[in-house]
Amino acid sequence: MEPGRDIDRLIDIMAALRHPETGCAWDIEQSFATIAPYTIEEAYEVADAIARNDTDNLRQELGDLLLQVVYHARLAEEAGVFAFPDVVEAVTRKMIGRHPHVFGDEAARSAGAAKGFWENAKAEEKRQRAADRGDDRAQGLLDDIEATLPGLARALKLQQKAATVGFDWDDRRQVVAKIREEIEEIEREFQFGTVSRQEVEDEIGDLLFAVVNLARHAQVDPDHGLRRANAKFVRRFGVIERGLRRAGRSLDAAGLEEMEALWQQAKRNERDHSDSGVT
């Protein structure tokens, strides 16, 4: 089978991989549940390529993510519930329905441009799906924030949604004060030393939630900020490793003071590099 630029070729490849007699043994064994972690991983790899501004890698990662969609659609087709064209129809219907200001008549275009239309449309879609399931429970404001989202992303969405009805701090300084309060609570927990691991985990969770709130008030993406911090940690730790190798020493043999000195050197090097205007 030859590669191609048409989506049908990718669908055919997936069908061949899943063929019960001639397909790939690994692919044949997979299910929605076993593939889901790979789907999440591929989405993060797309985000990573974007963060690194690596468009060549982005092309590859988008392909990997598309493969995940085709994979799930193939599993659904085999189960007789839906197929890839149904996925395309569902998303095109959704995008047209949520953009009457682009695809509707003149009256619809005027109404669709109103503030909050997108969120209202999403809420109505969720209410309709609940009704289709026979679920007549009242929809809470935060019920449409998926519980399966990564922690930072869900915290941000919960706060954004609560803020739409005025449940929010007026000033970011209040958020900073809340962070200090959460840190003090953690310090007290450690001081007394009689709390459970669960209680400490709860307090740290409160602290992280407050930090996400600060990021939101500062209009920055907390997940992107953490990714940058991770990259910075990897970069500076690499300076420690290289410095120790030049000195003929290993990480295991080095003490904390020696590693900390190299860490501080890495920070100074970055500042000097930044001040020089070199990128």
Side-chain angles (χ1 to χ4, degrees), residues 35-65 67-68 145-160 172 175-176 178-180 182-183 185-187 190 197 200-246 249-279:
I35 292 299
Y38 296 102
T39 307
I40 296 170
E41 180 180 334
E42 295 300 348
Y44 273 112
E45 290 183 2
V46 167
D48 179 65
I50 293 170
R52 292 185 287 104
N53 197 29
D54 187 340
T55 53
D56 183 61
N57 184 236
L58 177 59
R59 182 182 70 251
Q60 300 291 334
E61 298 301 345
L62 285 171
D64 291 344
L65 186 58
L67 174 64
Q68 296 298 308
I145 309 298
E146 300 294 343
T148 53
L149 284 172
L152 286 180
R154 187 160 194 258
L156 180 61
K157 284 185 173 292
L158 290 169
Q159 294 168 7
Q160 288 171 332
R172 70 182 64 177
V175 187
V176 173
K178 180 63 176 176
I179 291 173
R180 292 197 186 99
E182 298 296 350
I183 292 174
E185 289 183 9
I186 293 172
E187 288 177 337
F190 286 144
R197 179 177 176 178
V200 172
E201 186 176 90
D202 288 345
E203 295 297 344
I204 292 176
D206 291 343
L207 173 61
L208 290 171
F209 194 85
V211 171
V212 170
N213 212 351
L214 179 61
R216 181 176 63 86
H217 275 264
Q219 298 183 340
V220 299
D221 183 343
D223 187 72
H224 188 229
L226 184 57
R227 285 173 178 271
R228 288 173 60 89
N230 290 342
K232 182 163 52 180
F233 184 87
V234 170
R235 187 171 64 245
R236 292 176 180 175
F237 196 82
V239 172
I240 293 175
E241 291 180 300
R242 291 190 294 274
L244 290 172
R245 279 199 299 269
R246 285 194 296 268
R249 295 173 59 73
S250 68
L251 284 169
D252 292 337
L256 179 58
E257 282 190 17
E258 188 175 5
M259 288 191 284
E260 176 64 20
L262 288 166
W263 178 273
Q264 293 301 326
Q265 182 60 55
K267 291 177 64 175
R268 287 193 294 272
N269 291 345
E270 289 178 0
R271 283 197 299 270
D272 294 343
H273 190 74
S274 176
D275 292 343
S276 69
V278 178
T279 59

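This is a predicted model, so every value here is computed, not measured. Sequential numbering from 1 along the given sequence is applied to the chain's residues.
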Q. When rounded to the nearest 0.5 angstrom, what is the spacing between CZ in R216 and CG in D221?
A. 13.0 Å
Q: Tell me, please, which residues at least two apart from E42 pass side-chain hydrogen bond (donor to acceptor under 3.5 Å, both in side chains).
A: none
Q) If you draw a 6.0 Å radius around CZ in F209, do more than 12 non-hydrogen atoms from other residues or ligands fall strictly inside? A) yes
Q) Please, which pairs that meet salt bridge (charged side-chain N to carboxylate O under 4.0 Å, His left out) have at least one residue in residues 252-269, sequence neighbours excluded? A) R249-E258
Q) Distance from R236 atom CZ to N269 atom CG, nearest 0.5 Å? A) 10.0 Å
Q. What pairs with V175 under side chain to side chain contact (heavy atoms under 4.5 Å, CB included), at least two apart in sequence or on another chain?
A. W169, N213, L214, H217
Q.
Checking I240 now: which residues fulfil side chain to side chain contact (heavy atoms under 4.5 Å, CB included) with it, not counting sequence neighbours?
A. F237, L244, L251, M259, L262, W263
Q) Any salt bridge (charged side-chain N to carboxylate O under 4.0 Å, His left out) pairs touching residues 56-65, not counting sequence neighbours? A) D56-R59
Q: Give, for atom CG of L62 and atom CG of L67, the distance between the pair rounded to the nearest 0.5 Å.
A: 12.5 Å
**Q.** Residues which pass side chain to side chain contact (heavy atoms under 4.5 Å, CB included) with R242, listed by chain and number, not counting sequence neighbours
**A.** V239, R245, R246
Q | Residue pairs, two or more places apart or on separate chains, that pass salt bridge (charged side-chain N to carboxylate O under 4.0 Å, His left out) and touch residues 203-214 | A | none
Q) Which pairs with one or both residues in residues 145-157 pass side chain to side chain donor-acceptor pair (under 3.5 Å), sequence neighbours excluded? A) K126-E146
**Q.** Interatomic distance, E201 atom CD to L208 atom CG [nearest 0.5 angstrom]
**A.** 10.5 Å
Q) What residues, two or more places apart in sequence or in another chain, satisfy side-chain hydrogen bond (donor to acceptor under 3.5 Å, both in side chains) together with D54? A) R52
Q: Check whether more than 12 heavy atoms from other residues, nucleotides or ligands sit under 6.0 Å from atom CG of N53, and answer yes or no.
A: no
**Q.** Sequence-distant partners of R235, side-chain hydrogen bond (donor to acceptor under 3.5 Å, both in side chains), two or more places apart
**A.** E270
Q) Going from CD1 on I40 to CG on L65, what distance comes out if it is rounded to the nearest 0.5 angstrom? A) 11.5 Å
Q | Test side chain to side chain contact (heavy atoms under 4.5 Å, CB included) applied to L152 - qualifying residues, sequence neighbours left out | A | V212, D223, L226
